[in-house]
Amino acid sequence: MYIEFVILDNFLLTYLAGAAAMRIAHNKPSVVRISIAAALGTVVAIFYPFLPSGLGVSLSVKAALYAVLCVIMFYKQPRACVMSVMFLGCTFAFGGASYAVGSIFYGISGADRFTREYPLFLVLGCGAAGYYCIRFCIKRTRLARARAPYEYGTRVDVFGVAMTFNAFLDTGNCVYDDKTGLPVIITDISNFTERLDGASAVKFAGILPSLRKKRITTPAGSTEIYIIEPTSITVYSDRHEHKINAMVGLIAQGGKRFSGTHEMLLCPAIMAEL
């Protein structure tokens, strides 16, 4: 029974902490990376009682394991340092979850007994289920509110230039960047370049051949877009402004695809976070 609890507790704890760290850093969690890290952490936890005793050994093993897990989950990922710190913080937070729940229901004196009787994976599992249910409901209500009136002003800061677009919330735009996991807001390259000044236009022309490309499918057919990481993006409606995390996709073919009424397509995923 001990082995089963160790496996479930450690795997779930590591997985949730890793996924939470990526979400906090606005990255899309990698199921494969987190699963590998959680499996490795679980294996170490199983054999941990058989290691030589001593504070030095304990701290060395934990520090080495932490470093290895961070490399597995966050290596070459955007904001890797932030995710590593958040992973450590989430691990401490989740580790105290059972004690906190026990103190709520049984008081401080009964918290220790609660943590012994109820495995951590049950507490975290129930907490995760509740979190995703609440998150789903909040996203649905926010998304419904964001869909009216569908039109938003958007300011994109890139290459030292602040560009403004009349953007449309396109519920069919479900494009995500493969590298960062962020949603992509889309315009055509003509609308983008006409907003550049001389210096920024030269800079854009210089990096254009090295930009990542992604093929997307729309009702109008299949096309290829360039992916650009802006300095910042601000979406506003009336007097309210919101910073969002997204990439910019530039349609390179077909000339000017968007009119003055709708110069950019927003992704519903970014509005659900507002």
Side-chain angles (χ1 to χ4, degrees), residues 6-46 62-95 97 120-121 124-136 138-139 143 173-186 210-217 224-230 232-233 243-249 267-274:
V6 169
I7 292 174
L8 291 171
D9 280 358
N10 283 273
F11 187 90
L12 181 60
L13 176 62
T14 305
Y15 190 95
L16 289 179
M22 290 185 176
R23 286 291 186 187
I24 292 172
H26 300 286
N27 289 344
K28 186 177 181 181
S30 172
V31 175
V32 175
R33 281 174 172 252
I34 301 176
S35 297
I36 293 174
L40 176 62
T42 302
V43 171
V44 174
I46 292 174
K62 291 178 180 179
L65 179 61
Y66 168 72
V68 172
L69 296 185
C70 287
V71 170
I72 293 174
M73 291 188 289
F74 311 134
Y75 182 63
K76 288 189 176 181
Q77 295 291 307
R79 297 171 288 276
C81 293
V82 174
M83 289 189 291
S84 298
V85 175
M86 291 299 101
F87 173 63
L88 184 62
C90 290
T91 301
F92 280 113
F94 292 154
L120 180 59
F121 71 87
L124 293 182
C126 292
Y131 164 77
Y132 281 110
C133 288
I134 294 173
R135 182 171 178 267
F136 176 82
I138 292 176
K139 288 186 68 175
L143 185 57
N173 178 13
C174 300
V175 180
Y176 287 85
D177 178 31
D178 297 329
K179 182 178 180 180
T180 64
L182 294 175
V184 178
I185 60 177
I186 300 174
S210 62
L211 291 177
R212 290 183 290 110
K213 298 180 181 179
K214 180 180 178 66
R215 180 158 292 278
I216 62 173
T217 301
E224 196 170 53
I225 62 174
Y226 290 102
I227 302 294
I228 293 181
E229 183 175 5
S232 66
I233 300 177
K243 294 285 187 180
I244 64 172
N245 290 294
M247 306 294 280
V248 177
C267 175
I270 65 174
M271 307 307 298
E273 296 179 0
L274 300 181

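By convention here, the first residue in the shown sequence is residue 1. Keep in mind that the numbers below use all heavy atoms, side chains included, and drop hydrogens, waters and symmetry copies.
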| query | Would the number of heavy atoms belonging to other residues, nucleotides or ligands and lying under 6.0 Å from NZ of Lys214 be above 12? | reply | yes
What is the distance from atom [atom1] of [X] to atom [atom2] of [Y], rounded to the nearest 0.5 Å?
X      : Y      : atom1 : atom2 : answer
Thr14  : Leu69  : OG1   : CG    : 6.5 Å
Ile227 : Lys179 : CD1   : NZ    : 11.5 Å
Met247 : Asp178 : CE    : CG    : 10.5 Å
Leu40  : Ser35  : CG    : OG    : 12.5 Å
Ile228 : Ile185 : CD1   : CD1   : 10.5 Å

| Should Val184 and Ile216 be marked as a side chain to side chain contact (heavy atoms under 4.5 Å, CB included) after you check the CA-CA gap, both sets of side-chain angles, and the distance that decides it? | CA-CA 11 Å; Val184 178; Ile216 62 173; over 6 Å; no
Please list, one pair per line, the donor and acceptor atoms closer than 3.5 Å that link side chains of residues 71-83 to other protein atoms, with sequence neighbours excluded.
residue : atom : partner : partner atom : Å
Arg79   : NE   : Ala25   : O            : 2.7
Arg79   : NH2  : Ala25   : O            : 3.3
Arg79   : NH2  : Asn27   : OD1          : 2.6

| said: Taking the side chain as everything from C-beta on, heavy atoms only, tell me whether Pro183 gets closer than 4.5 Å to Ile244. | reply: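 In short, these two side chains do not touch, never coming nearer than 4.5 Å.
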| task | Report yes if the side chains of Tyr15 and Val31 come closer than 4.5 Å at any heavy-atom pair, otherwise no. | result | yes
| note | Note: Ile225 and Gly249 closest approach over all heavy atoms is CD1-CA, 4.1 Å
| field | Closest non-hydrogen atom pair, Phe87 against Ala21 | value | N-CB, 3.6 Å
| task | Could you tell me whether the side chain of Ser84 and the main chain of Cys70 form a donor-acceptor pair under 3.5 Å? | result | no
| task | Please identify each residue that fulfils side chain to side chain donor-acceptor pair (under 3.5 Å) with Thr180, with sequence neighbours left out. | result |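 Residues passing side chain to side chain donor-acceptor pair (under 3.5 Å) with Thr180: Asp177.
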